[in-house]
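Read through the structure below, which is laid out as structure tokens, and then see the notes.
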Amino acid sequence: MAIAQSNTAQWQALDASHHIHPFCDPKTLAERGTRVITSADGCYVHDSDGNRILDGMAGLWCVNVGYGRQELVDTATRQMSELPFYNSFFQSSTPSQIELAQKLSEITPGDLNHFFFANSGSEANDTVIRMARHYWHVRGKPEKYKFIGRNLGYHGSTLAATSLGGMKHMHDMGSSTLPGFEHIMEPHWYAHGGNLTPEEFGLRAAQALEEKILEIGADNIAAFIGEPVQGAGGVIDPPSTYWPEVQKICRKHDILLVSDEVICGFGRLGEWFGCQYYGVQPDIMPMAKGMSSGYLPISAVAFSDAIFETINEGGPIPHGYTYSGHPVACAVAHANIEIIEREGLVERVRDDVGPYLRERLKELSEQHSIIGEVRGAGLIAGLQLVKSRETREPFTAEDNAANICRDICLDKGLIMRAVGQAMVICPPLTITHAEIDEIIEKASAGLTETARKLGVA
Ligand code: PXG
């Protein structure tokens with residue numbers, strides 16, 4: 001069948017017959033039919049019915065420089081013609097790998113100067129686990145192998161990354177957890193803060209780490225991992241006191257600090273990396289998504305000088321992927337970083353569009369009592385939907401508030417993500433004030449309709 005000539009209904013039928021989607025209920029998907037996205041430009045995507053939709057999620061938290069960058073297409077074409085593939089095993093390298101590693105060493109903070117390449121955030125985090133354990137082995141402490149993560153943390157979907165994350169429904173899929181992974185409370189003041197101020201609560205949430213360390217013994221723990229702002233968990237930005245205290249506790253107990261920068265890296269919070277926004281210096285830093293703005297799959301793990309020097313003493317590293325440092329993906333990632341630099345997108349988020357989005361969301365929340373909390377930093381935001389703002393009474397899972405709101409907004413031409421009972425926004429860093437206004441206008445209409453539908457208007 002000539003796929004290019006298919007219409008939406010044909011595509012939907014073929015999709016339902018042959019394509020298993022990530023994180024979807026196959027029955028519901030088949031009943032409703034998949035949405036077929038056919039092209040994109042700037043901050044907008046187009047579907048096979050000709051609708052133009054404002055992409056408030058930058059693809060999947062990743063298209064930082066926006067769609068339609070011919071420069072990235074040309075870079076890929078050039079690299080594919082010159083050298084489409086060669087591996088980085090067995091004493092080989094390619095120029096685009098070497099140049100990207102050097103570039104990353106310039107933009108990453110402190111002494112994070114050594115990079116291992118992979119193809120996804122999940123693979124990067126599997127690499128974090130294997131390398132951190134290897135590091136402690138080489139240092140003569142093989143019993144330091146456990147990891148501490150957080151509830152609602154997301155670090156990917158491989159078996160190890162699922163175990164590292166704190167998503168219960170993922171753990172429950174066919175008993176998908178490995179031993180050696182522990183989780184502590186997520187630093188969400190609105191949900192758990194009670195009568196504490198956000199700053200007091202930040203310290204309290206960090207103490208949960210020390211309590212867990214004392215419970216299982218620092219001698220058994222390799223590392224603590226966290227996203228600077230938890231993304232897939234619903235955009236949980238911790239109070240300012242949290243990360244510095246976490247860093248202090250990790251140093252005190254000789255535990256490696258891992259900042260998962262898969263969403264927060266490459267300008268999302270108005271700094272190159274999220275750890276810089278919170279003023280901490282990790283020992284290990286996985287990154288992906290915005291690294292190539294999603295134009296090709298690529299990820300990396302940054303290691304500090306000290307870790308690298310230790311690993312260097314440990315003999316051969318029996319770890320790697322065929323496509324570690326794929327030359328085309330490396331070239332595109334490098335060109336993507338140059339765009340972010342040249343167009344000043346990090347500063348743009350910090351000084352211009354980040355504050356503007358926040359100001360407009362504050363206005364939005366003043367107009368809609370269904371919004372209990374506006375949270376986030378830079379160009380990532382979450383809106384907690386509640387039955388009553390005064391009592392913080394939440395919607396139940398049966399109310400399905402966020403999914404209802406997401407579908408209504410989509411009909412109005414705006415993509416937002418629904419997580420639990422929160423709406424999430426994470427647009428390209430290139431978004432303009434006019435496009436932010438369009439997000440607010442469409443979200444506002446969507447919230448009004450949602451509240452009416454749920455009888456809380
Ligand atoms: N770490 C973090 C912080 C992530 O957000 C990964 C690792 C894994 O990356 P890969 O490339 O293996 O997917 C992610 C991915 C959602 C959603 O539900 C979030 C992600 C991926 C898919 C869906 O919002 N984040």
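In what follows, residues are counted from 1 in the order of the sequence shown. Atoms within a ligand are numbered from 1 in the order they appear, just like the ligands themselves.
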Measure from NZ or CZ of R52 to the centre of the six-membered ring of Y44 and say whether it is under 6.0 Å with the direction within 45° of the ring axis.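 Output yes; distance and angle both within limits.
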
Under 6.0 Å from the six-membered ring centre of W189 and within 45° of its axis: does the NZ or CZ of R392 meet both?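 Output yes; distance and angle both within limits.
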
Residue [X] vicinity, atoms of ligand 1 by number, heavy atom under 4.0 Å:
| X | value |
| --- | --- |
| V262 | 1 (N), 2 (C), 3 (C), 4 (C), 6 (C), 7 (C), 14 (C) |
| G156 | 6 (C), 7 (C), 8 (C) |
| E227 | 3 (C) |
| S120 | 11 (O), 12 (O) |

So is [X] polar-close to ligand 1, meaning N/O to N/O under 3.5 Å?
| X | result |
| --- | --- |
| R417 | yes |
| D260 | yes |
| G121 | yes |

Which residue and atom name correspond to the protein heavy atom nearest [atom], and how close is it?
| atom | answer |
| --- | --- |
| atom 19 (C) of ligand 1 | W61 NE1, 3.4 Å |
| atom 2 (C) of ligand 1 | Y154 O, 3.3 Å |
| atom 21 (C) of ligand 1 | K289 NZ, 3.6 Å |
| atom 5 (O) of ligand 1 | I263 CD1, 3.2 Å |
| atom 22 (C) of ligand 1 | L60 CD2, 3.4 Å |

[X] contact mode with ligand 1 (heavy-atom cut-off under 4.0 Å):
| X | value |
| --- | --- |
| F23 | neither |
| S122 | both |
| N125 | side chain |
| V419 | neither |

Salt-bridge test for [X] and [Y]: reply yes if a basic N is under 4.0 Å from a carboxylate O, no otherwise.
| X | Y | value |
| --- | --- | --- |
| R32 | D25 | no |
| R69 | E71 | no |
| R150 | E186 | no |

What pair of heavy atoms forms the shortest contact from [X] to [Y], and how long is it?
| X | Y | answer |
| --- | --- | --- |
| G153 | E227 | CA-OE2, 3.3 Å |
| N336 | L72 | N-CD2, 3.6 Å |
| A329 | P297 | CB-O, 3.6 Å |

[X] and [Y] aromatic centres sub-6.0 Å:
| X | Y | value |
| --- | --- | --- |
| F85 | Y323 | yes |
| H21 | H19 | yes |
| F116 | H319 | yes |

Which option out of Q230, H155, E123 puts a heavy atom nearest to atom 7 (C) of ligand 1?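 Nearest heavy atom to atom 7 (C) of ligand 1 lies in H155.
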
